[in-house]
**Student:** 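First the structure, which I've put down as C-alpha cells, then a few questions once you've had a look.
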2 protein chains.
Amino acid sequence: MNLTKAWDILKENGFKETSKRQQILELFSKDDRYLTARDLLDVMQKDYPSMSYDTVYRNLATFVSLGILEETELSGERHFRMHCESDQHHHHFICMDCGKIKEIPVCPMDMLGAALPAYEIDNHKFEIYGKCPECK
Amino acid sequence: MNLTKAWDILKENGFKETSKRQQILELFSKDDRYLTARDLLDVMQKDYPSMSYDTVYRNLATFVSLGILEETELSGERHFRMHCESDQHHHHFICMDCGKIKEIPVCPMDMLGAALPAYEIDNHKFEIYGKCPECK
DNA sequence: ATGTAAATCGTAATTATTATTATTTAGAAA
DNA sequence: TTTCTAAATAATAATAATTACGATTTACAT
C-alpha cells in the first residue's frame with residue numbers, strides 16, 4: 001500500500017485530503033511496522049506538536065475500516081501498520097522486538113474447509129510471534 | 001481442568017487456599033466459556049459483595065501464569081476461561097455469541113516447520129471465530 | 001496459641017480510548 | 001476569487017479497563 005493508493009481510497013469514499021492525514025500516512029509508509037496509537041502520537045507530536053488524540057484515533061479507525069491500515073493486538077495493546085500490497089489472503093510472522101512482519105502465504109483454513117459443518121465461521125486469526133533475523 | 005487439579009497446581013507453587021480463589025475457580029469450573037474480568041466481578045459480587053478489583057485481576061493473572069486459566073483477546077477485551085484438559089497442543093473455535101469453544105486438533109505450525117529458518121519462533125495464535133450450532 | 005508473609009479490601013491512580021464543543025479547514029459552488 | 005458548509009481538528013473532559021497502594025485480615029507453619 002503506497003500513499004497514492006491510500007489517497008485514492010480516501011477520495012473514493014469522500015474523505016478530505018488534510019495535512020494530518022498526510023502526516024499519519026507518510027509515517028506509516030516510511031515506517032512499515034506495527035505501531036500503537038501512542039507510538040504514533042509520540043512521533044507525530046515531535047514534528048507537529050498540535051496533533052490530538054481524537055485525530056489520531058479517529059483516523060486510525062477510518063484507515064482500518066477502509067483497508068488502508070491493518071490492526072492487531074500485541075501484548076495487550078492495539079497495533080497498526082500499513083496493509084500490505086499482496087492481494088492474496090495471507091498471514092504474518094511478527095517480530096516482537098521491532099514490529100516488522102513477514103508474510104506467510106499459507107492459510108490454515110484451507111486444510112479445515114469442511115471440518116466444522118455445523119458451525120458458522122465468520123473470521124479467523126493466525127499469527128506467528130518471535131524475533132526476525134535482524135533482532136535475533 | 002477440574003478444581004482438584006487447579007488446587008494441586010496452586011499448592012505446588014506455594015499459593016494459599018483462600019475462599020475467594022475457591023469462588024473464582026468454582027465459577028470458571030461451572031461456566032466453561034470465555035469471560036471478561038468484568039463478567040466475573042459482576043457475577044461474583046451478587047453472591048459475594050466484597051470482592052475487589054484487585055482480587056479479581058490478581059488472581060486471574062496468577063491462574064493464567066500457572067496454566068489454570070487461558071486468556072485471549074476478543075472484541076478488544078481480555079477474556080479468560082478454564083484451560084482445557086487435553087494434553088495435546090490444539091487451537092479453538094470460539095463462539096462470539098456465547099463464548100463457548102470447540103477444540104481444533106489441527107495446528108498450522110506443523111505444516112510450516114522449517115519454513116522460517118532464519119526466524120526465532122516463540123509463539124503463535126490460531127483461532128477461528130463465528131457462531132456455534134446452538135447460537136446460529 | 002502465635003507469628004508472619006500472603007491475600008484481600010476499599011479506594012485511588014493510571015492508562016487507553018472515546019466523546020464533546022468550539023474552532024478551523026477542504027473543497028464545492030457562486 | 002470569495003463564500004458557504006460539512007468535515008476535520010484541537011483541546012479537553014469523560015469513560016472504562018487495569019493496576020497500584022495502605023490498612024486490615026487470613027492461611028498456615030511453628
Side-chain angles (χ1 to χ4, degrees), chain A residues 3 6-27 34-66 68-69 71-81 99, chain B residues 3 6-27 34-66 68-69 71-81 99:
Chain A
L3 277 179
W7 281 118
D8 287 348
I9 295 172
L10 283 164
K11 287 304 181 66
E12 275 165 29
N13 289 273
F15 289 92
K16 292 183 177 173
E17 187 168 352
T18 69
S19 61
K20 304 295 150 144
R21 288 196 172 124
Q22 182 69 18
Q23 291 161 15
I24 294 173
L25 289 174
E26 267 174 15
L27 188 138
Y34 274 110
L35 300 170
T36 63
R38 166 65 50 150
D39 292 336
L40 179 62
L41 199 59
D42 288 347
V43 176
M44 304 284 333
Q45 290 191 331
K46 273 183 202 146
D47 295 337
Y48 317 95
S50 69
M51 169 77 74
S52 70
Y53 286 95
D54 187 273
T55 302
V56 165
Y57 279 101
R58 184 169 25 75
N59 280 308
L60 287 176
T62 299
F63 296 159
V64 168
S65 75
L66 295 175
I68 293 170
L69 296 181
E71 178 184 359
T72 195
E73 214 254 0
L74 303 171
S75 322
E77 281 187 288
R78 283 158 71 194
H79 285 66
F80 303 85
R81 70 181 285 276
Chain B
L3 276 179
W7 279 117
D8 288 348
I9 295 171
L10 283 164
K11 286 305 181 68
E12 274 165 30
N13 289 274
F15 289 92
K16 293 181 176 173
E17 186 168 352
T18 68
S19 63
K20 304 295 149 143
R21 288 196 173 123
Q22 182 69 20
Q23 292 161 16
I24 294 172
L25 289 174
E26 268 174 14
L27 187 138
Y34 274 109
L35 299 170
T36 64
R38 167 64 50 150
D39 291 337
L40 178 64
L41 199 60
D42 286 348
V43 176
M44 304 283 335
Q45 289 192 333
K46 272 183 204 147
D47 294 338
Y48 317 95
S50 69
M51 169 77 75
S52 70
Y53 286 95
D54 187 273
T55 301
V56 165
Y57 279 103
R58 185 168 25 74
N59 281 308
L60 287 177
T62 299
F63 295 159
V64 169
S65 74
L66 295 174
I68 293 169
L69 296 182
E71 179 184 357
T72 195
E73 214 253 0
L74 303 172
S75 324
E77 282 187 288
R78 284 159 69 195
H79 285 65
F80 303 85
R81 68 181 288 274

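Every chain is numbered from 1, with letters handed out A, B, ... down the list of sequences.
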**Student:** Could you state the interatomic distance from CG (B/L41) to OH (B/Y48), rounded to the nearest 0.5 Å?
**Tutor:**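 Rounded to the nearest 0.5 Å, the CG-OH separation comes out at 13.5 Å.
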**Student:** Can you list everything that forms a salt bridge (Lys or Arg N to Asp or Glu O under 4.0 Å) with B/E71? Sequence neighbours excluded, please.
**Tutor:**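 Partners of B/E71 under the salt bridge (Lys or Arg N to Asp or Glu O under 4.0 Å) test: B/R78.
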**Student:** How far does OH of A/Y57 sit from OG1 of A/T62, to the nearest 0.5 angstrom?
**Tutor:**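 That separation rounds to 14.5 Å.
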**Student:** For DNA chain D, determine which residues of residues 37-49 of chain A have any heavy atom closer than 4.0 angstrom to one of its atoms, and list them numerically.
**Tutor:**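 Those residues whose heavy atoms fall under 4.0 Å from DNA chain D, taken from residues 37-49 of chain A, amount to none.
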**Student:** 5' to 3' on DNA chain D, which nucleotides open and close the contacts with chain A (atom under 4.0 Å from a heavy atom)?
**Tutor:**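 Listing 5' to 3', DNA chain D meets chain A from D/dA6 to D/dA11.
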**Student:** Please say which of A/K20, A/R21, A/Q23 ends up in a side-chain hydrogen bond (donor to acceptor under 3.5 Å, both in side chains) with A/N59.
**Tutor:**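 The single option meeting the side-chain hydrogen bond (donor to acceptor under 3.5 Å, both in side chains) with A/N59 is A/R21.
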**Student:** Hey, which of these two, A/R58 or A/Y53, hits DNA chain D nearer its 5' end, going by closest nucleotide?
**Tutor:**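 Comparing both residues, the 5'-ward one is A/R58.
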**Student:** Name every donor-acceptor pair, under 3.5 Å, that has one atom in a side chain of residues 7-16 of chain A and the other anywhere in the protein, sequence neighbours excluded.
**Tutor:**
unit_1	atom_1	unit_2	atom_2	d
A/W7	NE1	A/Q22	OE1	2.6
A/K11	NZ	A/E17	OE1	3.0
A/N13	ND2	A/I9	O	2.7

**Student:** So if I take the C1' atoms of five pairs at each end of the helix from C/dA1-D/dT30 to C/dA30-D/dT1 and get each local axis, what angle do the two axes make, rounded to 10 degrees?
**Tutor:** 20°
**Student:** Please enumerate all residues that pass side-chain hydrogen bond (donor to acceptor under 3.5 Å, both in side chains) together with B/Y53, with sequence neighbours excluded.
**Tutor:**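 B/Y53 satisfies side-chain hydrogen bond (donor to acceptor under 3.5 Å, both in side chains) with B/R38 once adjacent residues are dropped.
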**Student:** So where does chain A start and stop touching DNA chain C, 5' to 3', when the test is distance under 4.0 Å to a non-hydrogen atom?
**Tutor:**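 Answer, 5' to 3': C/dA16 to C/dG27.
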**Student:** Under the salt bridge (Lys or Arg N to Asp or Glu O under 4.0 Å) test, which residues partner B/R81, sequence neighbours left out?
**Tutor:**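 Salt bridge (Lys or Arg N to Asp or Glu O under 4.0 Å) list for B/R81, sorted by chain: B/D32, B/E70.
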**Student:** Could you list all the salt bridge (Lys or Arg N to Asp or Glu O under 4.0 Å) pairs where at least one residue sits in residues 46-57 of chain B, not counting sequence neighbours?
**Tutor:** B/D54-B/R58
**Student:** Which residues pass the side-chain contact (heavy atoms from CB on, under 4.5 Å) test with A/D39, sequence neighbours left out?
**Tutor:**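 Residues passing side-chain contact (heavy atoms from CB on, under 4.5 Å) with A/D39: A/L35, A/T36.
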**Student:** Which value, rounded to the nearest 0.5 Å, describes the distance between A/M51 atom CE and A/D42 atom CG?
**Tutor:** 12.0 Å
**Student:** Going by atom types alone, do B/T55 and B/S52 pair a side-chain donor with an acceptor below 3.5 Å?
**Tutor:** yes
**Student:** Looking at residues 8-26 of chain B, who's got a heavy atom less than 4.0 Å off DNA chain D?
**Tutor:**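 By residue number: B/K11, B/K16, B/E17.
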**Student:** Can you tell me how far the CZ atom of A/F80 sits from the CD1 atom of A/I24, to the nearest 0.5 Å?
**Tutor:**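 So the gap between those two atoms works out to 11.0 Å.
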**Student:** Could you list the residues that satisfy salt bridge (Lys or Arg N to Asp or Glu O under 4.0 Å) with B/E26, not counting sequence neighbours?
**Tutor:** none
